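For reference, the structure is listed below as C-alpha cells.
All values reported here derive from a predicted model rather than from experimental measurement. Both backbone and side-chain heavy atoms feed into the values below; hydrogens, waters and symmetry mates do not.
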Amino acid sequence: MSLLTWFPVVFLCLCVAGSPDILAHDHRPTLQPRVTGFFYELYHDVLDWSYDDWGKELEAMKAIGVDFFSIRSVFSAYFPNYTMSANREHYGSQLAAIPKDPKCPYGHFSALYPSNITNCAKRTGYNPLPHILKQADRLHLQVHIGLAFPDTVSARADWWAGFASLSGQVFKELHTLFGKHKSWVGTYIVFESSNLNTNLDFFRTQAKYFLEPLSSSIKSVAPHQVVWGSPYYRGKKQVAPSITVMTPEEYANAWGTAFSLAPHFDFIALQDGVGCAKNSTLALQYVQQYLPPLIQMSIKHGRPMWSNAEAFHFAIHDGHTNCKTIRPVTPFSRYIAQLKEESAMAGLAGILSWEWHAYFSPYSKTCAWSSAAKNVYDDYKSYINE
C-alpha cells in the first residue's frame, strides 16, 4: 500500500498495490483545509427517493469537492431509527421489554437491499443502492458500503468469528448484486472499538477473529476493495474518575498489534469526538494527543490514517431520538477549527465527516430542524471558496 499526501488536505490519493486510485481527489486546488468524504446514513426520508432525487443529492456533494461517501450500513439491527437511543422513539416503553434472543447473538437485522439471509434477518422492501450507485457512476463519486450493524459487541472470539461470517455473507450478496458498479470501491466494517477497551487481548481477538478473516474474505472476492473502520477514543477527563482509558501511546500500540494480526485490513479513520463532547475545547486538545501517535503507527504498518471530524453537536444528552439528541454543528467555527487542527498533523491522509444527510445535505428532511443542514452546507461552501 502506498500513500501520496499534500498538506493541508489539498490533494490526496490513497492507493492500494495493484489497484486503481481509491479516494482519489480530482486535484482542484483550495486554500482551505477541507473534508473530502462523508459517512451517509440511509435515513427514512431517502429510502424511496427516485434516481433524480439521488442525482441532486450527489451533485450537491460534488459541488463542494466531495470525492467519496460511505453508507454506514445496509444490514442493520437498528432499523428504522439507526441507534438504540433513537429506537426508543419508535418502540417506546416496549424497548426495555425486548429480550436478547440467544438464537440471534448479533441482533435482528433489517436489510436495505434484496437479501436472501433469513436467519435473524428480514427484508424491508427498500433498495436504494441501484439509484445511488448509478448516480455515483455518472458523477465519478466513490462509494463505500457498510455491512452488518449489530446491536451488541462481545470480547469473545467465537462472537467475533460469527460476526465476521455474517458480515462476509452480506458482502457476497452485495457483490453479486452490485459488483459491476465502478463507483463501489470500498467496504466499511461496522465496529466501534475504543480506548475504553484497556485489555490488549480485546484488540488481538478482534483482529484475529474478525478484522483479518472478514477483510481477507472480501478481497478474495474483490481484490481491489478497500476495507476500513472508524474507532473512537475518550480522554481521561471525559470519563468518570473510576473509568480507566488507554493513553495515546497505549491506544496506538493496540492498533499496531491489530494491524500486525490483520494484514488485509486497510486503515482506520479515528472519530475525533468533538461533536460528542458538546463542542468542548478539551476534545480538541485530546485530538492533538491521540491522533498523532495513531498516524505514526499507521505509517509504520504501511497504512494511511484518516480523521473522522464530527459535523454535529449534542444538544442534550440522550434525548431518546437522534433528532432531539444531536444537531448540526454549532457554531460552525468549531468545525473549521477541527479541520484546521487535524489537517495540519503531519502524515494524515485526509478528513471525512459524520454525517452528510442529516447534518450537511441541502435536501435533508430527516428532522424538524433539517433546514439547519442547508445552512451548514452553505457556510461550508462559502468557507472553501474564501
Side-chain angles (χ1 to χ4, degrees), residues 9 33 35 39 83-85 153 155 191-204 206-207 228-259 267-300 303-319 325-355 359:
V9 184
V35 59
F39 276 99
T83 69
M84 182 61 74
S85 177
V153 171
F191 71 98
E192 292 196 4
S193 300
S194 76
N195 64 333
L196 297 171
N197 303 301
T198 56
N199 188 338
L200 189 58
D201 285 342
F202 177 90
F203 287 86
R204 293 192 183 102
Q206 178 183 253
W228 61 287
S230 187
Y232 69 99
Y233 73 94
R234 289 292 179 267
K236 180 59 181 173
K237 293 182 180 180
Q238 293 175 308
V239 297
S242 60
I243 297 177
T244 301
V245 300
M246 285 183 169
T247 66
E249 291 72 24
E250 290 170 339
Y251 197 36
N253 287 334
W255 273 107
T257 298
F259 291 152
F267 70 92
I268 59 174
L270 183 70
Q271 299 174 35
D272 71 2
V274 179
C276 286
K278 300 182 180 180
N279 300 339
S280 169
T281 55
L282 179 63
L284 270 179
Q285 294 173 24
Y286 279 124
V287 174
Q288 296 166 2
Q289 295 175 25
Y290 276 90
L291 193 50
L294 282 166
I295 293 171
Q296 295 309 311
M297 185 60 68
S298 295
I299 292 173
K300 178 180 178 180
R303 289 165 163 85
M305 176 72 202
W306 284 69
S307 179
N308 176 4
E310 295 175 344
F312 62 85
H313 77 279
F314 272 104
I316 56 174
H317 180 69
D318 195 13
T325 302
I326 305 173
R327 300 289 177 91
V329 59
T330 306
F332 186 70
S333 58
R334 187 218 82 193
Y335 186 63
I336 301 308
Q338 290 167 256
L339 300 187
K340 289 182 177 180
E341 185 68 42
E342 294 162 25
S343 66
M345 294 182 183
L348 188 71
I351 301 175
L352 56 90
S353 274
W354 178 272
E355 178 268 347
Y359 311 119

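Looking at every heavy atom in both residues, I351 comes nearest to L339 through CD1-O, 3.8 Å. Closest non-hydrogen pair, Q238 versus A277, comes out as NE2-CB, 3.8 Å. Considering every non-hydrogen atom in both N195 and T198, the closest pair reads O-CG2, 3.7 Å. Of all heavy-atom pairs between R234 and V239, the closest is CB-CG1, 3.8 Å. Here the closest heavy-atom approach between residue P293 and residue Y290 is recorded as CD-O, 3.4 Å. The heavy-atom pair separating S343 from P33 by the smallest distance is OG-CB, 3.0 Å.
For the pair H313 (side chain) and I326 (backbone), a donor-acceptor distance under 3.5 Å is absent. Checked by atom type and distance alone, the side chain of Q271 never pairs as donor or acceptor with a backbone atom of E310 at under 3.5 Å. Of the possible donor and acceptor atoms, none in the side chain of D272 sits under 3.5 Å from a partner among the backbone N and O of L284.
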Could you walk me through whether M305 and I299 pass side-chain contact (heavy atoms from CB on, under 4.5 Å), step by step?
-> CA-CA 8 Å; M305 176 72 202; I299 292 173; over 6 Å; no

Would you please test Y233 and V287 for side-chain contact (heavy atoms from CB on, under 4.5 Å) and show each step?
-> CA-CA 9 Å; Y233 73 94; V287 174; 3.2 Å; yes

Decide yes or no on side-chain contact (heavy atoms from CB on, under 4.5 Å) for L270 and W255, but give the supporting numbers first.
-> CA-CA 11 Å; L270 183 70; W255 273 107; over 6 Å; no

Go through the steps to decide whether T247 and Q289 satisfy the test side-chain contact (heavy atoms from CB on, under 4.5 Å), and finish with yes or no.
-> CA-CA 9 Å; T247 66; Q289 295 175 25; over 6 Å; no

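Separation of atoms NZ (K340) and CE (M345) is listed at 15.0 Å; rounding is to 0.5 Å. A distance of 11.5 Å separates CZ in R303 from CE in M297, rounded to the nearest 0.5 Å. Atoms CG and OG1, on N197 and T244 in that order, are 12.5 Å from each other to the nearest 0.5 Å. In this structure, K236 NZ and I243 CD1 are separated by 8.0 Å, a value rounded to the nearest 0.5 Å. T257 contributes atom OG1, which lies 4.5 Å from atom CG of L200 (distance to the nearest 0.5 angstrom).
Inter-residue side-chain proximity for S298 and F267 is flagged as unmet; no heavy-atom pair is nearer than 4.5 Å. No side-chain heavy atom of Y232 sits less than 4.5 Å from a side-chain heavy atom of N308. Contact of the F191 side chain with the V153 side chain is not registered, since no non-hydrogen atoms from C-beta on lie closer than 4.5 Å. Using a 4.5 Å cut-off on side-chain heavy atoms (C-beta onward), Y286 and K237 make contact. In this structure, Y335 and V274 have side chains that are not in contact, with every pair of non-hydrogen atoms separated by 4.5 Å or more.
With 3.5 Å as the limit, one finds no donor-acceptor pair spanning the side chains of Y359 and S353.
By the 30° and 60° cut-offs, the orientation of the rings of F203 relative to Y251 is perpendicular.
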